[in-house]
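Just so you know, residue 1 is the first one in the sequence shown, and it goes up from there. Basis for what follows: all heavy atoms, side chains included, without hydrogens, waters or symmetry-related copies.
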Amino acid sequence: FQANTGRESCDECLVGTFFPYYGARSCSICTAGKVSVSRGAIECNLCPAGRVNTDFSTNASLHKSVSKNCVRCPTGKMSTAERTTCETCQPGTFVFNQSSCEKCSLGKYAPSAVADDCIGCLAGSATNAKLGSTSCQGCDPGLWSAPLSTNCSACDVGKFSMGSAANCTKCDAGTYS
């Protein structure tokens with residue numbers, strides 16, 4: 001940019017600022033959610049997914065570095081598309097690629113939003129065939145389930161379970177179910 005007329009050279013915009021348009025008399029500080037990591041920038045870059053910058057163009061030094069000025073969102077939260085705030089995902093979801101909330105798949109749950117993937121139901125429990133589950137329920141007596149199950153299954157004739165069982169037990173000789 002050139003701030004004054006009659007000069008023989010132009011100045012580069014400093015790190016944390018950008019040249020907004022041809023003919024501008026000064027550089028502008030990057031807006032919230034963005035940084036400019038090199039001198040002479042013609043635009044600012046959006047913080048990476050999962051990171052935010054909350055400064056609304058008040059201080060160029062708050063827009064100089066991705067690692068220092070784009071703050072990582074806490075676990076279970078994601079950055080908005082503008083990278084200005086971190087949002088909490090709902091229970092029954094997980095944060096995918098630090099940029100979206102996804103429902104837990106069948107056989108998995110999240111009592112509160114988690115990062116990367118939901119928690120798998122243990123053997124003897126199930127999500128009851130529901131996407132976005134917030135818990136696994138233990139199987140009732142006479143039922144069983146394998147890990148990551150969506151439903152509990154009835155024990156076969158001649159077998160039983162006490163509840164929350166990973167398998168059914170064969171009845172002893174002289175007994176039945």
State, with a plain yes or no, whether a side-chain heavy atom of T93 is found less than 4.5 Å away from one of E102. no
Output the distance between atom OG (S38) and atom CG (L14), rounded to the nearest 0.5 Å. 11.5 Å
Taking every non-hydrogen atom, the tightest pair across Q90 and A113: O-CB, 3.9 Å
Closest heavy-atom pair and its distance - P20, F18: CD-O, 3.3 Å
Classify the side-chain pair S61/N59 by whether it contains a donor and acceptor separated by less than 3.5 Å. yes
Does F96 CZ have over 12 foreign heavy atoms under 6.0 Å away? no
Spatial distance of atom SG (C104) from atom CG (L131) [nearest 0.5 Å]: 9.0 Å
Distance-only criterion, 3.5 Å: show the donor-acceptor pairs between side-chain atoms of residues 43-51 and protein atoms not counting sequence neighbours.
residue: R51; atom: NH1; partner: C70; partner atom: O; Å: 2.6

H63: which of N69, I29, T17, V15 passes side-chain contact (heavy atoms from CB on, under 4.5 Å): I29
Search all heavy atoms of A154 against all heavy atoms of W144 and return the closest pair with its distance. O-NE1, 3.7 Å
Is the count of non-hydrogen atoms from other residues, nucleotides or ligands lying under 6.0 Å from I42 atom CD1 greater than 12? no
Treating S145 as the side-chain partner and S125 as the backbone partner, does any N or O pair qualify as donor plus acceptor under 3.5 Å? yes
Would you find a donor on one side and an acceptor on the other, under 3.5 Å apart, between the side chain of S57 and the backbone of C30? yes
Distance-only donor-acceptor check, side chains S135 and Q137, under 3.5 Å: yes
Side-chain contact, heavy-atom cut-off 4.5 Å: F94 with C118? yes
Ignoring hydrogens and geometry, is there a side-chain-to-backbone donor-acceptor pair from S112 to P91 under 3.5 Å? no
So, do N53 and T84 sit near enough that their side-chain heavy atoms are less than 4.5 Å apart? no
Evaluate the side-chain proximity of C101 to M78: yes if any heavy-atom separation is below 4.5 Å, no if none is. yes
Would a 4.5 Å heavy-atom cut-off, applied to side chains only, mark L148 and K108 as touching? yes
Looking only at non-hydrogen atoms, find the nearest pair between Y109 and C121 and report the distance. CD2-SG, 4.1 Å
Could you give the distance from OG (S79) to CZ (R72), rounded to the nearest 0.5 Å? 11.0 Å
In terms of heavy-atom contacts, N151 and A126 come closest through N-CB, 3.6 Å
K130 NZ to C136 SG distance, which is reported to the nearest 0.5 Å: 11.0 Å
Reported CD-to-OG1 distance for the pair Q98 and T75, which is rounded to 0.5 angstrom: 9.0 Å
Please answer whether the main-chain N or O of T58 pairs with a side-chain N or O of D55 as donor and acceptor at a distance below 3.5 Å. yes
After noting the C-alpha distance and the side-chain angles of D172 and T175, does the key distance pass the side-chain hydrogen bond (donor to acceptor under 3.5 Å, both in side chains) rule? CA-CA 6 Å; D172 289 332; T175 63; 5.4 Å; no
When you measure from the side chain of S161 to the backbone N and O of L143, does any donor-acceptor pair fall under 3.5 Å? yes
Is there a side-chain contact between I119 and P111, using heavy atoms and a 4.5 Å cut-off? yes
